[in-house]
Amino acid sequence: MDNSLSNRDQLVNWHPYTQMQTAPPPIGIARGQGAVLYAEDGKEYIDAVSSWWVNIHGHAHPHIAARVSEQLSTLEHVIFAGFTHAPAVELSERLLRLLPQNQSRVFYSDNGSTAVEVALKMALQYWFNQGKDKTKIIALEGSYHGDTFGAMSVSERSVFTRPFQQYLFDVEFLPVPVPGNEEASYEHLETLLTRQDIAAFVFEPLVLGTAGMVMYSPAVLDKLMELCRKNGVLIIADEVMTGFGRTGKRFACDYLTQQPDLMCFSKGLTGGTMALGVTTCSQEIFASFLSEDKTRAFFHGHSYTANPVACAASLASLDLVENDLFLENLDRISGSHAVFAQSLSGKPGIKACRQTGTILAIEFEVGQTTYFHSLRDQLYTLALENGVLLRPLGNIVYVLPPYCITQTQLEKVYQVMEQMRQLVAGSF
Ligand SMILES: *Cc1c(COP(=O)(O)O)cnc(C)c1O
């Protein structure tokens with residue numbers, strides 16, 4: 001046994017979404033720069049999944065590092081009840097300037113799951129405060145909103161949630177309005193909305209990430225939102241994955257004419273530097289909590305609510321988001337993905353190819369899905385051996401890169417995806 005990180009880790013750590021008995025040893029990463037991760041054994045990996053979708057400007061970005069470092073020696077943390085600080089005030093001001101114009105208040109928490117919990121609790125208490133019996137949530141089939149109990153409840157029931165099934169609250173699931181399924185989905189929602197007890201509709205706008213980068217159009221989402229609006233149902237847009245450029249615009253909601261009542265953010269918020277969650281809401285939601293009566297307040301908070309260092313990281317990230325280069329990179333990556341997707345069309349092994357902005361997903365043709373599980377691991381290993389980090393979701397492999405990824409690096413990622421295709425095509 002050498003004294004590598006990889007070996008020491010195996011004696012003490014428990015990793016997320018990992019079967020610890022059979023998983024290969026984790027790769028020890030010594031440092032990161034731009035889109036590249038440098039391992040302790042000298043190998044390099046292109047981070048084509050932005051380290052679980054969080055990293056948008058590249059690793060160890062000097063501008064974010066400088067801002068965080070400055071904040072650390074100014075104010076590392078302060079209680080956020082009864083107190084405030086410049087990074088939180090400035091971040092909220094700047095976020096509200098960028099978000100749909102009806103968003104008027106910012107509530108901080110720690111991650112994407114808590115941002116969703118907060119939105120759900122705000123929506124439910126909005127009705128409770130008015131003495132209205134609206135308690136049911138509508139979510140999309142296949143959705144993923146996080147791993148806490150509330151977030152799990154509004155997510156697809158799956159092997160992930162099975163052990164906790166009896167503790168999850170009941171949700172009405174709506175078929176995703178993927179191309180060809182728009183009408184069915186709309187009609188299903190119409191039927192659901194004849195009920196009087198629907199509190200809110202929560203969804204991942206345009207792209208359902210964990211479901212396998214399942215995509216649907218802004219036009220149909222606008223229609224669903226309009227229907228909710230007409231029926232007095234609150235609209236919660238979970239932009240935890242789609243926020244900050246992923247879909248080719250700053251926010252997925254920038255493609256829409258309708259505006260959500262509540263929005264959730266996390267992954268790209270700090271540029272992938274620190275854990276921070278944000279839930280924003282309209283003035284109407286906020287106002288329903290205002291009263292002389294203290295029991296109508298929103299009773300939710302975390303020890304590290306609005307941590308100044310995390311807010312500082314977000315401010316630095318926003319500097320980069322508001323730079324011209326940001327939109328140029330989104331266009332460059334989107335254009336490049338489109339060309340690659342085109343080149344795959346009709347090739348053996350390809351079942352479908354989907355793209356929204358900087359997210360490209362390839363669905364492989366696989367006969368027996370049971371056989372596929374080992375193939376998924378083979379594909380993952382094949383990519384790593386070629387110096388690219390890609391994490392297939394079942395038979396779907398996607399690229400979702402930091403926006404600083406160079407054209408040369410992107411070409412290498414595509415090359416590995418093409419190798420994957422050849423492996424799949426040769427297996428059947
Ligand atoms: C990742 C994700 C979450 C959960 O965020 P965490 O920070 O992992 O808790 C919620 N919603 C969506 C759409 C996500 O992609």
Side-chain angles (χ1 to χ4, degrees), residues 15-18 47 49-56 107-123 137-158 160-161 164 168 171 173-174 176 200-216 221 235-247 250-253 255 260 262-280 300 302 304-307 310-311 313-314 317 354 356-359 361 391 393 396 398-401:
H15 290 267
Y17 285 103
T18 302
D47 188 356
V49 298
S50 297
S51 281
W52 252 347
W53 319 347
V54 301
N55 190 296
I56 56 176
F107 192 97
Y108 290 99
S109 63
D110 297 343
N111 55 62
S113 304
T114 57
V116 170
E117 293 283 344
V118 165
L120 293 172
K121 286 173 76 173
M122 279 180 179
I137 310 282
I138 299 176
L140 290 177
E141 286 172 1
S143 63
Y144 177 78
H145 295 288
D147 284 350
T148 51
F149 275 85
M152 270 196 293
S153 293
V154 295
S155 299
E156 170 83 358
R157 302 293 183 268
S158 70
F160 299 170
T161 59
F164 320 109
L168 305 181
V171 165
F173 285 103
L174 187 69
V176 185
F201 172 36
V202 59
F203 53 84
E204 297 160 82
L206 308 190
V207 186
L208 282 76
T210 305
M213 303 299 157
V214 171
M215 300 176 185
Y216 61 102
L221 180 55
I235 299 164
I236 306 173
D238 175 356
E239 290 232 29
V240 169
M241 192 270 284
T242 53
F244 305 98
R246 273 303 156 210
T247 63
R250 278 203 189 111
F251 301 102
C253 286
Y255 285 92
L262 295 130
M263 301 180 77
C264 310
F265 303 95
S266 183
K267 292 194 166 101
L269 174 62
T270 63
T273 308
M274 299 184 67
L276 183 67
V278 150
T279 308
T280 63
H300 187 106
H302 299 280
Y304 283 100
T305 296
N307 175 257
C311 290
S314 302
S317 177
R354 297 186 283 276
T356 300
T358 71
I359 308 168
R391 280 179 65 94
L393 293 159
I396 296 158
Y398 63 90
V399 49
L400 189 155

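All ligand and atom numbering here is 1-based and tracks the order in the structure. The first residue in the sequence is number 1, and the count goes up from there.
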In Å and rounded to the nearest 0.5 Å, what is the CZ to CE distance from Arg354 to Met215? 6.5 Å
I'd like to know if Trp52 contacts ligand 1, where contact means a heavy-atom distance under 4.0 Å to any ligand atom. no
Please examine the side chains of Ser155 and Phe160, heavy atoms only from C-beta on, and report whether any two atoms are closer than 4.5 Å. no
Can you name the atoms of ligand 1, numbered from 1 with element, that are less than 4.0 Å from a heavy atom of Met241? 15 (O)
Backbone or side chain, does any N or O of Lys267 fall under 3.5 Å from an N or O of ligand 1? yes
Applying the side-chain contact (heavy atoms from CB on, under 4.5 Å) test to Phe203, which of Leu174, Val176, Ile235, Asp238 qualifies? Ile235
Considering the heavy atoms of Trp53, write down every atom of ligand 1 situated less than 4.0 Å from one of them. 15 (O)
Per-atom contacts of ligand 1 with His145, taking only distances under 4.0 Å to non-hydrogen atoms: 10 (C), 11 (N)
Identify, by atom number and element, the atoms of ligand 1 in contact range of Gly146, meaning under 4.0 Å from any of its heavy atoms. 4 (C), 10 (C)
Judging by distance only, is a nitrogen or oxygen of Gly112 under 3.5 angstrom from one on ligand 1? yes
Do you know the tightest heavy-atom contact between Glu156 and Gly142? OE1-N, 2.7 Å
When every non-hydrogen atom of Ala275 is compared with those of Ala310, the smallest separation belongs to O-CB, 4.0 Å
Short list, please: which atoms of ligand 1 are under 4.0 Å from a heavy atom of Ser113? 4 (C), 5 (O), 6 (P), 9 (O)
Taking the side chain as every heavy atom from C-beta outward, state whether Arg250 and Glu239 have any atom pair closer than 4.5 Å. no
For ligand 1, which atoms, with element, lie under 4.0 Å from some heavy atom of Glu204? 13 (C)
Determine, counting only non-hydrogen atoms of the protein, whether one lies under 4.0 angstrom from atom 8 (O) of ligand 1. no
Residue Asp238 vicinity, atoms of ligand 1 by number, heavy atom under 4.0 Å: 10 (C), 11 (N), 12 (C), 13 (C)
Got a sec: does the CZ of Phe173 have more than 12 other heavy atoms crowding it under 6.0 Å? yes
Begin from the C-alpha positions of Thr114 and Asp110 and carry the test side chain to side chain donor-acceptor pair (under 3.5 Å) through to its verdict. CA-CA 6 Å; Thr114 57; Asp110 297 343; 5.6 Å; no
